[in-house]
**Student:** 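Below is the structure I would like to discuss, written out as structure tokens.
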Amino acid sequence: MIDLHTLVAYTDALLECGRFDDYAPNGLQVEGRHQVRRLVAGVTACQRLLEVARAQEADAVLVHHGYFWRNESPRVVGMKRRRLAILLEAQLNLLAYHLPLDAHPRWGNNVQLGRRLGLRVLGTLDLPGTQGLVWHGELPQSMTAEEFGRLVAERLDRRPLLVAGGLSPIRRLAWCTGGAPHYFQAVAEVGAPIAVDAYLTGEASEPVTHVARETGVHFFAAGHHATERYGVHALAAHLAEHFSLEWTYVEVDNEV
Ligand SMILES: [Zn+2]
């Protein structure tokens with residue numbers, strides 16, 4: 001059992017939330033009861049996740065995708081009202097960490113995904129405008145794009161979309177979890193010695209096909225949800241251990 005404000009202050013500091021220009025508020029988004037004993041973690045604060053958290057008598061929900069995104073309507077109506085009603089009626093706290101959780105060098109989505117794929121994680125590729133969100137690393141040995149696609153499918157339990165950039169094998173990769181097809185061209189045009197053979201992110205967009213064909217760098221879309229399960233899972237496990245909390249990760253499957 002831990003006081004809510006101790007939990008929030010610790011997590012905000014751990015993830016260095018002040019460093020990021022984000023699209024949504026990080027940290028405590030909806031306040032519930034002031035003592036936290038049981039934590040439920042998930043990728044997105046959707047209604048299904050909140051229902052499971054309520055049924056498990058959780059005190060706090062920890063997610064990567066919370067609410068109050070820049071440019072969304074601020075009205076509390078419809079789907080948003082139903083979600084907030086569950087939180088407020090059950091006195092559930094909602095803690096959400098977006099870019100700080102993508103970027104964290106230990107608990108972050110990117111580093112956790114790199115490890116899950118068996119890569120030697122080398123750090124961030126410091127490209128302009130990417131806020132340290134593009135990472136790079138190496139496979140233990142070269143493989144074809146199809147072989148790497150099968151490895152991703154097996155480790156993430158979801159088949160990725162592959163846009164082949166040619167026939168060349170993959171040894172060096174860059175990646176960014178979630179929805180980051182827009183970084184592909186900058187990544188593909190990075191020169192030696194940090195040039196990569198492939199780029200992996202969660203979602204695709206129409207221009208990536210042409211970037212792959214014209215630069216020879218392979219592109220993989222491995223799922224926005226599937227690439228972002230591992231940061232919140234690792235962070236929740238750490239918080240639970242640090243503060244002696246009960247916790248579960250709840251997988252609400254998502255094809256995208
Ligand atoms: Zn995301």
Side-chain angles (χ1 to χ4, degrees), residues 11-12 14-17 19-30 40-50 53 61-72 79-80 83 94-117 121 124-125 127 129-136 152 155-161 173-184 186-187 199-205 207-208 219-238 249-256:
T11 315
D12 286 357
L14 180 74
L15 298 181
E16 300 180 277
C17 291
R19 263 196 328 120
F20 296 86
D21 177 23
D22 212 334
Y23 321 102
N26 286 295
L28 183 62
Q29 290 194 335
V30 179
V40 160
V43 177
T44 299
C46 60
Q47 186 168 340
R48 176 93 191 99
L49 181 71
L50 302 182
V61 178
L62 177 73
V63 295
H64 178 51
H65 300 137
Y67 304 148
F68 315 119
W69 298 93
R70 197 184 283 168
N71 300 328
E72 81 176 23
M79 194 171 111
K80 192 179 203 171
R83 290 170 164 190
L94 178 65
L95 280 74
Y97 294 94
H98 185 236
L99 296 183
L101 185 58
D102 288 321
H104 194 270
R106 185 157 177 200
W107 313 116
N109 279 321
N110 282 295
V111 71
Q112 291 289 331
L113 179 68
R115 296 223 185 97
R116 179 127 193 134
L117 296 176
V121 178
T124 59
L125 268 187
L127 302 171
T130 59
Q131 297 201 73
L133 296 172
V134 177
W135 288 60
H136 69 132
V152 172
R155 301 285 167 91
L156 303 190
D157 197 22
R158 181 193 181 282
R159 227 181 68 189
L161 170 75
L173 280 117
W175 67 92
C176 179
T177 63
H182 51 289
Y183 293 153
F184 181 36
V187 168
Y199 175 65
L200 181 149
T201 183
E203 296 181 41
S205 61
V208 301
F219 176 89
F220 293 87
H224 190 133
H225 172 90
T227 56
E228 294 198 322
R229 293 178 190 125
Y230 307 103
V232 74
H233 188 286
L235 177 63
H238 168 69
Y249 169 81
V250 176
E251 171 73 356
V252 179
D253 68 321
N254 185 335
E255 307 257 331
V256 179

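Whatever order the structure lists ligands and atoms in, that order sets their numbers, starting from 1. Just so you know, residue 1 is the first one in the sequence shown, and it goes up from there. All values below come from the heavy atoms of this structure, side chains included, with hydrogens, waters and symmetry mates left out.
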**Student:** How many N, O or S atoms of the protein are nearer than 2.8 Å to the Zn ion (ligand 1)?
**Tutor:** 3
**Student:** If you measure from the Lys or Arg side-chain nitrogens to the Asp or Glu carboxylate oxygens, is any gap between D21 and R70 under 4.0 Å?
**Tutor:** yes
**Student:** Apply the side-chain contact (heavy atoms from CB on, under 4.5 Å) test between Y183 and each candidate in L127, L133, T201; give the one that qualifies.
**Tutor:** L133
**Student:** Between the side chains of H104 and N110, is a donor N or O closer than 3.5 angstrom to an acceptor N or O?
**Tutor:** no
**Student:** Applying salt bridge (Lys or Arg N to Asp or Glu O under 4.0 Å), name anything that partners R19, two or more places apart in sequence or on another chain.
**Tutor:** E16
**Student:** Compute the ring centroids of W107 and H233, then answer whether they are less than 6.0 Å apart.
**Tutor:** no
**Student:** For Y249 and E251, test the side chains for any donor-to-acceptor distance below 3.5 angstrom and give the result as yes or no.
**Tutor:** yes
